[in-house]
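From a predicted model like this one, the values you see are computed outputs, not experimental measurements.
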Amino acid sequence: MSTSFNTGLNLAQQDAVNYLHGPCLVLAGAGSGKTRVITHKIGRLIQSGVAAKRIFAITFTNKAAAEMRERAKGLIGRAAKDVVICTFHALGVRLLREDGAVLGLKPQFSILDSDDVTSILKDAGGSVDAATARSWQWTISLWKNQGLNAASAFAAAANDNERIIARVMAHYEERLAAFQAVDFDDLIGLPLKLLQQHEQVRQKWQGLAGHFLVDEYQDTNATQYEMLKLLVGGNGPEQARFTAVGDDDQSIYGWRGATLDNLKKLPIDFPNLKVIKLEQNYRSTSAILRAANNVIGPNPKLFPKNLWSDLGEGEPVRVVDADSEEHEAERAVARIQSLRANGLPHAGPQFKEWRDFAVLYRANHQAKPFEKALRKAQIPYKVSGGTSFFDRAEVKDLCAWFRLWINNNDDPAFLRAVTTPKRGIGHQTLGHLGDFASRYKLSMFGALFSSSLSSVISGKALGSLHEFGREVNDLEFRARHTLGAEAAKSFLMDWLKDIGYEQYLYDGEDSEQVANARWSNVLDFIDWMSGRCGGQIDDASGVNAVGEVKSLLEVAQTVSLLSTISEQEKDQNVVTLSTLHASKGLEWPHVMLVGVTEGMLPFKLRDNPDAESAGPTSALQKAQAMEAANASLTTHLQEERRLMYVGITRAQRSLAVSWTRKRKKGREMVQAQPSRFIEEMGLDQATVKEDPRAKLKALRAEFAQKAADGAAARAQTRP
């Protein structure tokens with residue numbers, strides 16, 4: 001056997017790469033080289049005779065898929081382009097586009113975004129309150145991730161509120177079917193239904209897949225696990241060919257349905273499962289890893305492991321206390337300036353760029369004082385997890401038109417497209433059209449061409465609707481036959497000119513600067529869409545590959561899968577501000593964990609859960625309620641501890657953990673205590689106190705003295 005795919009791997013990594021003929025779980029600790037293992041295993045599978053197109057590597061984000069595709073290409077070469085590297089949701093779309101017809105779904109179904117879902121739920125539940133609709137949306141999403149539909153959710157409802165939401169869910173399901181649309185949860189739930197209920201479809205996809213590699217396995221939810229089990233189970237559990245790569249210590253998405261039960265089930269469902277631990281960390285110093293191991297220590301272990309590093313002891317982990325959040329932000333800025341000026345002992349001149357620093361916190365609202373302090377110090381920064389390119393109104397406007405070209409039954413897309421830009425079709429006309437469409441069980445677009453529509457809408461309004469319908473049909477036909485980058489760009493620019501979209505943006509903004517920025521976003525989007533049509537851009541969805549020319553309509557079908565445009569994510573030389581959740585999978589030489597107080601991290605724990613809140617009437621019920629509350633509290637604390645562990649293990653060379661004696665709670669300042677996790681880090685108390693301001697004061701004095709000496713020297717040399 002050639003050993004080319006073992007080059008640069010440690011023994012545990014080699015073991016994971018070379019195990020090809022059965023189910024395998026790779027427990028990859030933070031910074032242990034899991035992406036390297038996955039890409040090398042792809043190469044090893046191809047080398048062993050598995051066709052590249054039969055290898056499916058599944059990730060959780062488009063960004064992770066793009067990175068994996070790039071690394072696989074660098075390692076394997078041209079064969080990597082045929083490997084299916086995509087997210088779970090992109091895989092779900094593949095199944096539904098090809099075989100969703102047996103569920104009554106057209107191949108051109110629409111994928112609704114969060115705003116569409118909120119709007120439909122408001123209508124389905126008879127509510128005008130967006131907050132109420134979003135709370136329904138959250139509950140319905142959790143139910144779907146548990147494999148429940150409206151009927152089963154109603155049957156399992158624990159109280160009247162859940163029964164109300166289950167009824168709203170039933171109306172919501174009816175509307176999705178009528179619109180030929182799915183939400184993001186359906187991209188997992190419906191493929192699972194497809195595989196469970198249709199044997200021919202299941203056998204087809206089992207035959208297509210030679211080996212599955214699943215990244216971040218600990219983040220899978222119940223439906224994703226069941227879907228994976230059906231895809232790999234064609235030849236029985238002993239022959240199941242998959243490699244799950246994950247870390248139970250980094251499971252931080254329980255609030256959105258991820259469950260560690262999936263790790264517990266693997267050895268039961270696949271008795272000959274091979275478990276391989278990756279414990280050597282290539283990212284952090286021993287001091288940082290010791291703090292991480294100590295913090296995670298109290299959590300129960302499914303598969304015990306202990307991270308270690310040969311990068312040396314490194315700088316001690318620092319604890320910085322502050323009087324308030326503003327004071328904490330000042331200290332963070334002082335630390336950045338000090339490390340940039342002085343560096344770290346033995347680290348040499350590297351790790352002094354702005355991009356080498358990150359400030360991590362538990363919740364988005366904590367960023368504000370740090371933004372103010374960084375601006376005051378004229379330090380460039382970015383807030384990670386800001387507005388997605390696809391959440392911008394101007395991009396959503398254009399995507400609504402694309403959705404309507406693809407799927408005429410998509411009523412939410414119809415309503416946005418027909419009013420953007422305005423074309424003399426008012427709300428009253430659209431109300432009459434909606435009532436007419438509902439009465440005859442038609443989509444709003446389908447109702448446009450009904451001979452009976454003139455009985456409720458007439459004159460100029462009817463003519464405007466017909467004109468819009470003909471325009472959409474014409475655009476759909478032309479988009480279907482528009483191939484390549486140059487043709488796509490010409491088509492899109494002509495279309496925007498025809499509908500007057502640029503003028504519409506400028507008319508709608510008081511500030512010309514804002515309008516300029518919005519139009520610039522539109523042009524970026526057009527360039528990006530055109531590039532994908534010409535096969536010039538690898539779009540991170542796992543659908544379009546570089547070098548593959550597509551029609552504009554084909555490209556438009558995959559837009560809903562993407563949450564970011566990779567070209568917008570250039571590596572900027574700025575300090576990163578990020579929540580702990582958004583930081584997962586990333587790393588920086590210097591990390592500051594801030595706001596590490598009780599009530600923030602861990603977040604809002606109650607030490608004495610109130611058993612009375614559930615309203616029990618007997619001693620047994622009270623005891624059961626108390627037991628359930630305590631169990632929930634324990635589970636929550638364990639996940640918060642894992643979140644702290646994730647934050648610590650983002651740091652490569654230095655880590656500072658800060659807390660404030662007082663913090664804002666609403667409009668009040670309240671007393672705060674350091675998080676229990678600081679004590680759990682087990683640091684040497686003699687070495688961890690730090691006041692960056694004192695260092696900075698000395699540094700400024702040194703700079704001032706150098707400047708004075710230089711001025712004096714220049715004065716002496718003047719004639």
Side-chain angles (χ1 to χ4, degrees), residues 5-20 23-45 55-76 80 83 85-88 211-220 224 228 242-253 258 260 262-263 266 273-284 288-289 292-293 296 301-311 581 583-588 642 645-652:
F5 291 111
N6 291 331
T7 305
L9 303 181
N10 64 39
L11 291 176
Q13 291 172 332
Q14 288 180 36
D15 198 12
V17 165
N18 293 323
Y19 187 74
L20 306 178
C24 180
L25 172 63
V26 180
L27 290 164
S32 63
K34 68 180 177 65
T35 306
R36 190 187 316 163
V37 165
I38 293 172
T39 51
H40 278 68
K41 187 152 191 174
I42 290 170
R44 181 71 188 89
L45 284 161
I55 299 171
F56 288 71
I58 310 301
T59 69
F60 273 81
T61 66
N62 295 317
K63 188 175 179 182
E67 181 192 347
M68 190 178 294
R69 199 175 297 113
E70 199 59 36
R71 289 175 68 168
K73 194 161 51 178
L75 180 70
I76 303 158
V83 178
I85 302 176
C86 64
T87 63
F88 262 108
H211 198 99
F212 266 90
L213 300 109
V214 183
D215 191 16
E216 303 288 10
Y217 177 76
Q218 76 282 346
D219 294 335
T220 53
Q224 285 164 337
L228 176 69
F242 70 85
T243 303
V245 182
D247 181 8
D248 50 337
D249 290 334
Q250 294 187 74
S251 179
I252 58 173
Y253 294 113
L260 281 174
N262 290 351
L263 273 167
L266 269 183
L273 180 76
K274 185 176 179 69
V275 179
I276 299 167
K277 298 178 188 178
L278 305 183
E279 297 175 291
Q280 182 174 357
N281 175 287
Y282 292 91
R283 175 187 300 157
S284 308
I288 293 167
L289 289 185
N293 286 330
I296 205 66
K301 296 287 183 288
L302 290 173
F303 304 95
K305 64 181 181 307
N306 199 53
L307 292 184
W308 61 275
S309 168
D310 62 5
L311 296 176
H581 282 101
S583 76
K584 188 161 173 289
L586 303 175
E587 58 188 49
W588 296 269
R642 292 193 293 269
Y645 173 84
V646 164
I648 292 171
T649 53
R650 299 312 92 197
Q652 296 172 314

Check: [X] side chain, [Y] main-chain N or O, donor-acceptor pair, under 3.5 Å:
X	Y	answer
S284	L289	no
E279	N306	yes
R69	I85	yes
K277	P304	yes
E216	Q250	no
Y217	N262	yes
K34	D215	no
N281	A30	yes
R642	I252	no

Can you check whether [X] reaches [Y] side chain to side chain, under 4.5 Å on heavy atoms?
X	Y	value
F242	L266	yes
D219	K584	yes
I648	I288	yes
K305	D247	yes
F56	H211	no
L213	L45	yes
Q13	H40	no
I58	C86	yes

Checking side chain to side chain contact (heavy atoms under 4.5 Å, CB included) for the pair V17/V37: CA distance, chi angles, key distance, verdict? CA-CA 6 Å; V17 165; V37 165; 4.2 Å; yes
Can you give me the closest heavy-atom contact between [X] and [Y], atom names plus distance?
X	Y	value
T39	A72	CG2-N, 3.9 Å
F303	D248	N-OD2, 3.8 Å
A292	Y645	O-CD1, 3.3 Å
K301	I296	NZ-O, 2.8 Å
S32	G29	OG-O, 2.6 Å
I76	G43	CD1-N, 3.7 Å

Can you tell me how far [atom2] of [Y] sits from [atom1] of [X], rounded to the nearest 0.5 angstrom?
X	Y	atom1	atom2	value
L263	L27	CG	CG	7.0 Å
L278	D15	CG	CG	9.5 Å
T243	Y19	OG1	OH	9.5 Å
I38	M68	CD1	CE	4.0 Å

How are the rings of Y253 and H581 set relative to one another: parallel (under 30°), tilted (30 to 60°) or perpendicular (over 60°)? tilted
Side chain to side chain contact (heavy atoms under 4.5 Å, CB included) between T220 and F60, worked out: CA-CA 9 Å; T220 53; F60 273 81; 3.6 Å; yes
Partner residues of E587 under the salt bridge (Lys or Arg N to Asp or Glu O under 4.0 Å) criterion, sequence neighbours left out: R283
